[in-house]
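Have a look at the structure below, then the notes.
Everything quoted here is computed from the prediction, not taken from an experiment. Below, chain A is the first sequence line, B the second, and so on; all start at residue 1.
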Amino acid sequence: MFLGRFLSIFSSKSSIFAIASPHYQSFLVPSFHFDNASCQMRHFSAYPRFDFGSIREPDDAVALFREMMRTRPLPYVTVFNKLLSVVVKMQQNTLALRLFDEMLQRDVPINHYTLSIAIDCYCRLKRPDFGYAILGSFFKRGYEPDVVTFTTLIKGLLLVGRVPEAAKVLWKLSVYQLCEHDEYTYSTMINGLCKAGGTLEAIDLLCLLEKEKGSCKPNVYAYNAVIDGLCKDGKVDEALQLFSTLGDKGISPNVVTYNSIIEGLCNRRRMDEAEDILKKMIADKVCPNVVTCNIFVTAWCKDGKVEEAEHMLVSMKEIDVQPDIVIYNALINGYCMQGKMDEAVRIFQLAVNSGIKPNIVSYNSLMNGYCKKGQVNEVSRLFNMNSSFKSLNSQLRILLVVDSSFKTQIHDYLNSQLAQLTLSAQS
DNA sequence: TTAGGGTTAG
């Protein structure tokens with residue numbers, strides 16, 4: 001049985017932890033001994049120390065920002081930049097831009113790091129043109145955009161599929177000697193090309209870099225992007241071929257490399273080969289992570305082997321990998337697809353009891369399952385548990401998959417909910 | 001305590 005073999009593969013992983021444990025220990029030991037001097041400096045500093053680690057919600061960041069704005073003299077620009085970075089890492093790009101705007105309006109000192117963060121936010125919001133506009137502020141304030149700034153803009157253009165423009169920026173960097181490109185620049189370009197459907201062009205660029213003399217050789221991120229692109233294009237054998245050459249090139253595959261290959265094989269239902277790659281991964285001392293586990297769980301669920309897939313939760317505990325909502329959702333959906341709603345709800349509860357918050361995907365899977373069984377009352381109950389404008393569009397999408405005999409009933413129900421939500425929003 | 005990179009679910 002595949003699951004049995006899978007578990008036995010994982011059980012051999014204890015050796016990995018044995019090897020890795022000294023690193024874990026040194027990582028966990030607090031570094032008081034060499035931080036004493038700086039602690040004392042801070043203790044006597046006139047500036048308060050702002051605790052960015054305590055930021056959990058966007059509101060926390062706003063509260064800290066307000067506190068910083070009230071502090072006199074104002075904190076250094078580095079402190080404001082740090083706060084903006086924390087907000088960006090929370091994927092609150094609009095909020096980061098709002099804070100940035102307030103800094104400009106209230107004449108808080110900024111530097112080229114601040115401007116790069118703002119460009120990054122616009123790019124992440126898929127508005128690279130606004131990012132470009134900020135380049136003007138660089139020159140106005142006497143700063144020069146550097147390789148990070150340009151790489152960020154290239155990434156932004158690629159994110160919205162503007163491949164030729166991104167290539168042009170890359171080309172201009174060299175021709176006009178605006179700055180020296182680095183590994184990030186090329187891996188960003190290669191990844192963007194793959195994500196925009198241009199895996200072949202990405203391979204061409206990769207080959208060009210491999211032949212180029214100099215220090216800017218493609219790294220594991222660039223190879224991962226191409227391997228993943230090939231797998232997603234269904235060209236798993238080509239991905240395997242490239243994967244097999246990595247060792248000779250001095251590139252160590254990491255967990256993402258292995259996950260992409262495993263996913264490519266699983267999607268083609270080449271499960272035995274996926275298992276072989278997992279074995280190789282463990283032999284190479286690369287620890288499987290939650291994504292690795294989820295790839296197998298998803299594949300088993302699609303094959304209708306949901307009970308077996310559920311055993312993965314046990315395996316994960318054994319190897320100290322924490323399940324996340326993605327893996328619970330894969331199982332919930334697996335049971336829903338089989339019409340086993342009691343089992344689906346049990347997994348839902350298991351997630352909640354484990355402290356994992358269900359999300360829109362969890363609710364949609366359950367609603368879809370109940371719709372398929374015609375249990376409209378359960379659908380309404382779930383809808384009321386999770387009704388908001390944000391999720392409404394996703395919930396309406398279930399109409400596409402429910403049996404036609406229930407469509408009218410659910411459609412009327414959702415319309416009445418929509419009307420109520422509209423009214424409450426207006427009031 | 002200052003900026004840029006990858007993989008997963010309905």
Would you list the atom pairs, donor with acceptor, under 3.5 Å between side chains in residues 239-247 of chain A and any protein atom, with sequence neighbours excluded?
unit_1, atom_1, unit_2, atom_2, d
A:Ser244, OG, A:Gln241, O, 2.6
A:Thr245, OG1, A:Leu242, O, 2.6
A:Thr245, OG1, A:Lys249, NZ, 3.0

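- For A:Lys172, there are no salt bridge (charged side-chain N to carboxylate O under 4.0 Å, His left out) partners two or more places apart in sequence or in a different chain.
- Between A:Pro75 and A:Met68, the shortest heavy-atom contact is CD-O, 3.3 Å.
- Contacts of residues 120-140 of chain A with DNA chain B (heavy atom under 4.0 Å): A:Asp120, A:Arg124.
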Which donor-acceptor pairs under 3.5 Å do the side chains of residues 133-150 of chain A make with protein atoms, sequence neighbours left out?
unit_1, atom_1, unit_2, atom_2, d
A:Tyr143, OH, A:Ile110, O, 3.0
A:Asp146, OD1, A:Val148, N, 3.1
A:Asp146, OD1, A:Thr149, N, 3.2
A:Asp146, OD1, A:Thr149, OG1, 2.9
A:Thr149, OG1, A:Ser116, OG, 3.3
A:Thr149, OG1, A:Asp146, N, 3.1

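- The base of B:dA3 lies close enough to the side chain of A:Asp146 for a donor and an acceptor atom to sit less than 3.5 Å apart.
- Residues passing the side-chain contact (heavy atoms from CB on, under 4.5 Å) test with A:Tyr184 are A:Thr151, A:Asp182, sequence neighbours excluded.
- Remark: the A:Asn224 side chain and the B:dG5 base include no donor-acceptor N/O pair separated by less than 3.5 Å.
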Donor-acceptor pairs are to be reported for all side-chain atoms of residues 194-206 of chain A against protein atoms at under 3.5 Å, with residues two or more places apart or in another chain.
unit_1, atom_1, unit_2, atom_2, d
A:Lys195, NZ, A:Asn191, OD1, 2.9
A:Thr199, OG1, A:Asp233, OD2, 3.0

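- A straight line from CZ of A:Phe65 to C1' of B:dT1 spans 17 Å, rounded to a whole angstrom.
- Distance A:Leu193 CG to B:dG5 C1': 14 Å, rounded to the nearest Å.
- Atom CD1 of A:Ile356 is separated from atom C1' of B:dA9 by 14 Å (rounded to the nearest Å).
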Side-chain polar contacts of residues 155-168 of chain A - donor-acceptor pairs under 3.5 angstrom, sequence neighbours left out - could you list them?
unit_1, atom_1, unit_2, atom_2, d
A:Lys155, NZ, A:Asp120, OD1, 2.8
A:Arg162, NE, A:Glu165, OE1, 3.3
A:Arg162, NE, A:Glu165, OE2, 2.9
A:Arg162, NH1, A:Asp129, OD1, 3.4
A:Arg162, NH1, A:Asp129, OD2, 3.4
A:Arg162, NH2, A:Asp129, OD1, 3.0
A:Arg162, NH2, A:Glu165, OE1, 2.9

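- Using a 4.0 Å cutoff on non-hydrogen atoms, the parts of residues 325-338 of chain A near DNA chain B are A:Val326, A:Asn329, A:Asn333, ordered by number.
- Under the rule for a side-chain contact (heavy atoms from CB on, under 4.5 Å), the partners of A:Arg98 that lie at least two apart in sequence or sit in another chain are A:Leu95.
- Between A:Asn289 atom CG and B:dT7 atom C1' there is a gap of 8 Å when expressed in whole angstrom units.
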